Amino acid sequence: MALTDRAGLLALIGVLVVGLLLPSWQGILVVFLVLVSCVVVDLLLAAGVRRLTFTRAGSTSVRTGELCTVQLTVHNPGRRLRGVLRDAWAPSAGVVADRVAVDVPANGSRVLSFELRPVRRGDRVADRVTVRSVGPLGVAARQGSHVVPWTVRALPPFHSRRHLPPLLERLRELDGRRASLIRGAGTEFDSLRTYVIGDDVRSIDWRASARSSDVVVRTWRPERDRQVTIVLDTARTAAGRVSGALGGLPRLDTSMDAALLLSALASHARDQVDFLAFSHKVRASVPRATLPVLVQAMAPLEAELVEFDARGVVAEVLRRAGRRSLVVLLTSLEPSIEHSLVPLLPALATRHRLLIASVSDPAVHAMAAGRGDLESVYAAAAAERVLAERRHLTALLARHGVDVVDALPDDLPRALADRYLSLKAAGKL
């Protein structure tokens with residue numbers, strides 16, 4: 001039971017005016033009796049809320065930051081319902097307006113629409129539906145809540161998809177499907193054709209040329225049907241936030257964006273993509289991943305506050321990848337990997353090619369450039385030490401035959417994709 005704002009206030013003012021015109025004790029009695037009567041009438045005539053039933057429909061998934069709609073149907077088996085309805089969601093679901101006025105006829109139903117714009121990746125769950133049924137006098141109301149389950153999965157936003165068209169254009173150049181000076185560089189033999197000015201003389205097939213009246217060259221295409229295993233580190237270092245053009249996001253989200261771009265590019269290149277999320281155990285596994293399945297698998301993942309088990313992930317990769325593949329490990333270049341991951345590289349490098357991609361914090365680079373005062377100088381010294389450690393780790397990994405991509409959050413997806421294309425063009429997958 002609750003007093004409504006406008007109608008209840010007007011009724012109360014009217015009762016007080018009448019009470020002031022009467023003697024003190026009579027006025028108090030009149031005010032009390034009138035208020036009680038109004039409340040009783042409203043409670044008796046207001047539509048019940050316990051017998052209401054609800055059904056939901058609408059979107060079940062949406063990219064983070066985009067708008068979706070969920071419909072809520074109110075079924076009223078009793079008398080006419082007038083009042084206010086609140087559809088409560090978790091704050092991160094980004095409900096545009098969760099309160100609406102309702103007017104449902106007796107034995108009828110109404111469809112209400114609520115717009116959501118999730119601000120965080122993951123499963124956004126509806127809490128409860130609360131209905132306040134106001135009586136005809138507007139003085140009091142009945143109120144009750146109902147649990148109406150519904151989940152909207154906020155998918156990774158995939159901001160780096162804007163890089164895909166130029167990357168696909170470059171892939172077509174490597175594949176020889178677009179005129180370019182390289183004319184289909186690669187390592188797999190494709191076909192023979194007549195020599196034209198600009199062709200590499202090293203591609204001339206002298207045996208075929210001897211049987212023909214023209215000089216014949218071999219054409220090549222990039223390697224296809226290779227295996228790319230993407231390993232996503234979801235341990236404690238993935239929870240750290242780094243600044244960027246899109247605001248401060250966890251390293252995990254930036255790594256996911258890079259993994260999605262690489263997966264989309266590799267699929268267009270006709271390579272097989274396997275995905276593995278790992279912390280101290282397997283968090284998600286998607287063999288032969290396609291982009292729709294991959295975003296669904298990534299959506300509920302959150303960083304765990306545990307140490308990354310390098311030995312466990314190497315054993316898992318060796319167990320799953322039966323043939324030689326490009327293993328892309330999205331992790332953080334922390335000093336700890338010198339003692340955890342580096343000793344395991346020989347066992348991994350003998351069977352696979354390893355590429356490590358890491359997010360560099362722009363705040364560290366900004367601190368390294370500071371020289372304004374004593375505090376800035378000390379901060380710059382600390383930042384330079386961090387950057388020196390990362391350079392040392394990059395050089396150490398390179399000596400073990402590991403490719404390293406260390407880039408700022410906004411640059412990492414494109415840098416990783418470029419490195420993949422470079423390896424593919426050189427026939428190193």
Side-chain angles (χ1 to χ4, degrees), residues 160 163 167 226-238 240 242 244 250-263 265-266 271 273 275-278 308-311 313-314 317-318 321 324-365 368 383-429:
S160 62
H163 298 304
L167 289 170
R226 295 301 189 262
Q227 184 169 351
V228 180
T229 303
I230 300 176
V231 182
L232 182 65
D233 177 4
T234 62
R236 63 170 184 84
T237 56
V242 290
R251 283 189 171 88
L252 180 61
D253 290 68
T254 302
S255 298
M256 284 182 178
D257 206 43
L260 289 174
L261 182 62
L262 177 60
S263 174
L265 183 60
D271 287 336
V273 178
F275 173 75
L276 179 67
F278 201 91
F308 182 64
D309 183 5
R311 186 174 298 276
V313 76
V314 169
V317 169
L318 292 176
R324 182 171 177 81
S325 63
L326 173 65
V327 179
V328 181
L329 174 58
L330 291 143
T331 187
S332 179
L333 284 178
E334 297 288 328
S336 59
I337 70 173
E338 185 171 354
H339 306 288
S340 60
L341 180 62
V342 171
L344 305 173
L345 291 179
L348 189 62
T350 54
R351 293 180 54 183
H352 306 288
R353 185 171 190 93
L354 181 60
L355 170 60
I356 293 180
S358 179
V359 183
S360 183
D361 192 347
V364 176
H365 291 268
E384 283 291 350
R385 180 175 180 178
V386 173
L387 296 176
E389 289 176 345
R390 296 178 76 90
R391 290 191 293 268
H392 166 71
L393 288 173
T394 300
L396 178 62
L397 291 169
R399 288 197 295 271
H400 285 80
V402 179
D403 294 279
V404 179
V405 176
D406 186 16
L408 298 175
D410 302 324
D411 302 330
L412 180 66
R414 179 61 187 265
L416 179 58
D418 286 339
R419 183 64 62 87
Y420 163 77
L421 290 178
S422 299
L423 293 173
K424 194 171 187 66
K428 296 181 178 180
L429 296 188

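Given the structure is predicted, the values throughout are model-derived calculations rather than measurements. As a basis for the values below, the full set of heavy atoms in this structure was taken, side chains included, without hydrogen atoms, waters or symmetry mates.
- Side-chain atoms of Leu232 and Leu252, non-hydrogen and from C-beta on, do get closer than 4.5 Å to each other.
- We find the CG-CZ distance between Leu421 and Arg419 to be 11.5 Å, quoted to the nearest 0.5 Å.
- Within 6.0 Å of atom CZ in Arg311, 12 or fewer heavy atoms from other residues, nucleotides or ligands are found, so the atom counts as exposed in its surroundings.
- In this structure, His163 and Leu261 approach most closely via the heavy-atom pair CB-CD2, 4.1 Å.
- One finds the CG atom of Leu345 at 10.5 Å from the OG1 atom of Thr350 (value rounded to the nearest 0.5 Å).
- Here the closest non-hydrogen pair linking Phe278 and Phe308 is O-CE1, 3.8 Å.
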**Message:** Determine whether Val328 and Tyr420 satisfy the following criterion, side-chain contact (heavy atoms from CB on, under 4.5 Å), listing intermediate values before the conclusion.
**Reply:** CA-CA 10 Å; Val328 181; Tyr420 163 77; over 6 Å; no
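- Annotation for Leu330 and Ala258: closest pair CD2-CB, 4.2 Å, computed over non-hydrogen atoms.
- Residues meeting the salt bridge (Lys or Arg N to Asp or Glu O under 4.0 Å) test with Arg351, sequence neighbours left out: none.
- Leu341 is not listed as a side-chain neighbour of Val313, based on a closest heavy-atom distance of 4.5 Å or more.
- Among the candidates Asp411, Asp257, Asp410, the single residue satisfying the side chain to side chain donor-acceptor pair (under 3.5 Å) test with Ser160 is Asp257.
- Rounded to the nearest 0.5 angstrom, His365 NE2 and Leu387 CG are separated by 5.0 Å.
- Evaluation of the salt bridge (Lys or Arg N to Asp or Glu O under 4.0 Å) rule for Asp418 yields Arg170, Arg414 as partners, not counting sequence neighbours.
- The CZ atom of Phe275 sits 11.5 Å away from the OG1 atom of Thr229 when rounded to the nearest 0.5 Å.
- The pair Arg353-Asp403 counts as a salt bridge, with a side-chain nitrogen and a carboxylate oxygen less than 4.0 angstrom apart.
- Heavy-atom minimum distance, Ala349 versus His400: CB-O, 4.4 Å.
- Note: Ser325 OG to Asp271 CG = 10.5 Å, rounded to the nearest 0.5 Å.
- From Leu423, atom CG reaches atom CG of Leu326 across 6.5 Å, with rounding to the nearest 0.5 Å.
- Side-chain atoms of Ser336 and Glu334 include no donor-acceptor pair closer than 3.5 Å.
- In this structure, Ser263 contributes its side chain and Ala259 its backbone to no donor-acceptor pair below 3.5 Å.
- Closest approach of Pro343 to Pro346, counting heavy atoms only: O-CD, 3.5 Å.
- Residue Val273 comes nearest to Ala266 through the heavy atom pair CG2-CB, 3.6 Å, listed as atom of the first residue, atom of the second, then distance.
- Residues Val386 and Asp361 form no side-chain contact, since every pair of their non-hydrogen atoms from C-beta on lies 4.5 Å or further apart.
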**Request:** Output, in order, the C-alpha distance, side-chain angles, deciding distance and verdict of side-chain contact (heavy atoms from CB on, under 4.5 Å) for Val404 and Leu333.
**Result:** CA-CA 10 Å; Val404 179; Leu333 284 178; 4.1 Å; yes
